[in-house]
Amino acid sequence: MRRIPAAYFFVVAYTVWMKRIVKKKFFDRAAPIVARELLGKTLVREVRGKRIASMITEVEAYDGPHDRASHAHRGKTPRNEAMFGPAGNWYVYLVYGMHEMLNIVTGPVGYPAAVLIRGTHDVVGPGKLTKYFKITRTQNKTIAASKSGLWIEDHGVRVLARQVMRTPRIGVSYAGEVWAGKKYRFVLKKGRE
DNA sequence: ACGATGATGAAC
DNA sequence: TTCATCATCGTA
């Protein structure tokens, strides 16, 4: 009987841990699909060795140049440039002069789309969320990975269709009947039904 | 119901 | 350069 080296356990543990991190491929799909599947995933922030983590419970999809509710509707600008970049990057911007909004970019490069993360189990509201997770525009255009200190993990939480509520997006009444009416907001219902 | 607070984008 | 607007929040 040979003793198994401690390094072996370290490598296995590290591999298992890494596997939880959601990778680029997951985000390289249509924004509404990514939005729906982000429910139940865990948003993780690590800054100076301290970790903040909470399950995502509310999101909104902003999908393509035709989406009149999207910042990208008027074309590429310095602010929305991240939306045109690769899937799996963060798009962080300021609204109302005081609230940072956290989005994850989706779909192919050149096609502007993203998912706004509006709430988690511990904090609901896009502005409160970024404050809680200590997120600012410093994270804009960085990749969702441990390197940037901000990423998403899959903890195996299964979200059933009946646990998901779909509604129109918040605060986009200017977008016209069609786009303002689209049910691109996904909320994980609390408790059962 | 509204003010805070500053970036954005369009008009001038 | 000015102006209205804004993927919000806390207080009233």
Side-chain angles (χ1 to χ4, degrees), chain A residues 26-41 43 45 52 54-108 110-144 148 150-152 164-190:
Chain A
F26 174 91
F27 302 105
D28 200 2
R29 296 178 290 163
I33 302 290
V34 175
R36 160 65 179 83
E37 294 196 15
L38 273 175
L39 294 178
K41 299 283 190 293
L43 181 63
R45 176 83 169 118
I52 307 165
S54 188
M55 186 178 70
I56 296 168
T57 55
E58 182 181 348
V59 293
E60 280 176 5
Y62 289 84
D63 191 16
H66 312 294
D67 184 350
R68 289 182 57 189
S70 171
H71 289 163
H73 178 238
R74 292 163 209 277
K76 193 193 279 186
T77 68
R79 178 179 63 172
N80 67 25
E81 197 174 12
M83 294 186 81
F84 292 78
N89 274 10
W90 297 112
Y91 169 39
V92 186
Y93 67 91
L94 188 72
V95 270
Y96 299 118
M98 57 186 91
H99 302 296
E100 314 269 356
M101 300 285 110
L102 175 67
N103 302 248
I104 184 96
V105 177
T106 68
Y111 183 84
V115 174
L116 170 65
I117 302 179
R118 296 186 55 93
T120 69
H121 181 257
D122 295 307
V123 55
V124 175
K128 293 197 288 188
L129 183 147
T130 50
K131 193 173 177 191
Y132 180 83
F133 281 89
K134 305 188 194 304
I135 293 161
T136 67
R137 280 161 289 171
T138 307
Q139 277 74 49
N140 188 40
K141 289 182 173 180
T142 64
I143 188 169
S148 62
L150 182 63
W151 65 91
I152 291 168
V164 178
M165 176 170 59
R166 288 189 64 163
T167 79
R169 294 167 290 184
I170 304 295
V172 298
S173 54
Y174 57 84
E177 226 179 280
V178 173
W179 290 98
K182 286 215 183 282
K183 292 185 171 179
Y184 279 0
R185 175 168 172 257
F186 300 81
V187 184
L188 184 56
K189 297 180 190 173
K190 344 186 145 181

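No experiment lies behind these values; they were computed from the predicted model shown.
- Here the rule is salt bridge (Lys or Arg N to Asp or Glu O under 4.0 Å) with A/Glu60, and of A/Arg166, A/Arg169, A/Arg118, A/Lys183 only A/Arg118 fits it.
- Between the A/Ser148 side chain and the A/Ile143 main chain, a donor and an acceptor come within less than 3.5 Å of each other.
- At least one side-chain heavy atom of A/Gln139 sits less than 4.5 Å from a side-chain heavy atom of A/Val92.
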Applying side-chain contact (heavy atoms from CB on, under 4.5 Å) to A/Met101 and A/Val95, what does each step give before you reach the verdict? CA-CA 7 Å; A/Met101 300 285 110; A/Val95 270; 3.6 Å; yes

Any chance you could lay out the side-chain contact (heavy atoms from CB on, under 4.5 Å) test for A/Tyr93 and A/Asn140, step after step, and finish with the verdict? CA-CA 7 Å; A/Tyr93 67 91; A/Asn140 188 40; over 6 Å; no

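- Atom OH of A/Tyr96 is separated from atom C1' of C/dT5 by 8 Å (rounded to the nearest Å).
- Put simply, NE2 on A/His73 is 14 Å from P on B/dG9, counting in whole angstrom units.
- Pair assignment for B/dG6 gives C/dC6, based on Watson-Crick or G-U wobble hydrogen-bonding distances that are each under 3.5 Å.
- Within 4.0 Å of A/Arg68, counting heavy atoms only, lies no atom of the nucleic acid at all.
- In this structure, A/Arg74 atom CZ and C/dT5 atom C1' are separated by 10 Å, rounded to whole Å.
- Spacing between atom CD of A/Glu81 and atom P of B/dT8 amounts to 12 Å, rounded to whole angstrom units.
- To the nearest angstrom, P of C/dT8 lies 10 Å from CD of A/Glu58.
- Atom-to-atom, CZ of A/Arg118 to C1' of C/dA7 comes out at 7 Å; the value is rounded to the nearest Å.
- Distance A/Ile104 CD1 to C/dA7 C1': 16 Å, rounded to the nearest Å.
- In this model, the phosphate group of C/dG10 is approached by a side-chain N or O of A/Lys128 to a distance below 4.0 Å at OP1 or OP2.
- Between A/Tyr174 and C/dA7 there is a side-chain polar atom (N or O) within less than 4.0 angstrom of OP1 or OP2.
- Within the structure, every side-chain polar atom (N or O) of A/His71 is placed at least 4.0 Å from both OP1 and OP2 of B/dT8.
- Here A/Met101 lies in heavy-atom contact (under 4.0 Å) with sugar-phosphate atoms only.
- Using a 4.0 Å heavy-atom distance criterion, A/Arg79 is classed as a sugar-phosphate-only contact.
- If you measure from atom OH of A/Tyr93 to atom C1' of C/dT5, you get 13 Å, rounded to the nearest angstrom.
- With B/dG6, C/dA7, C/dT8 as the candidates, the nucleotide lying closest to the side chain of A/Leu94 is B/dG6.
- Within 4.0 Å (heavy atoms only), A/Leu116 reaches at least one base atom of the nucleic acid.
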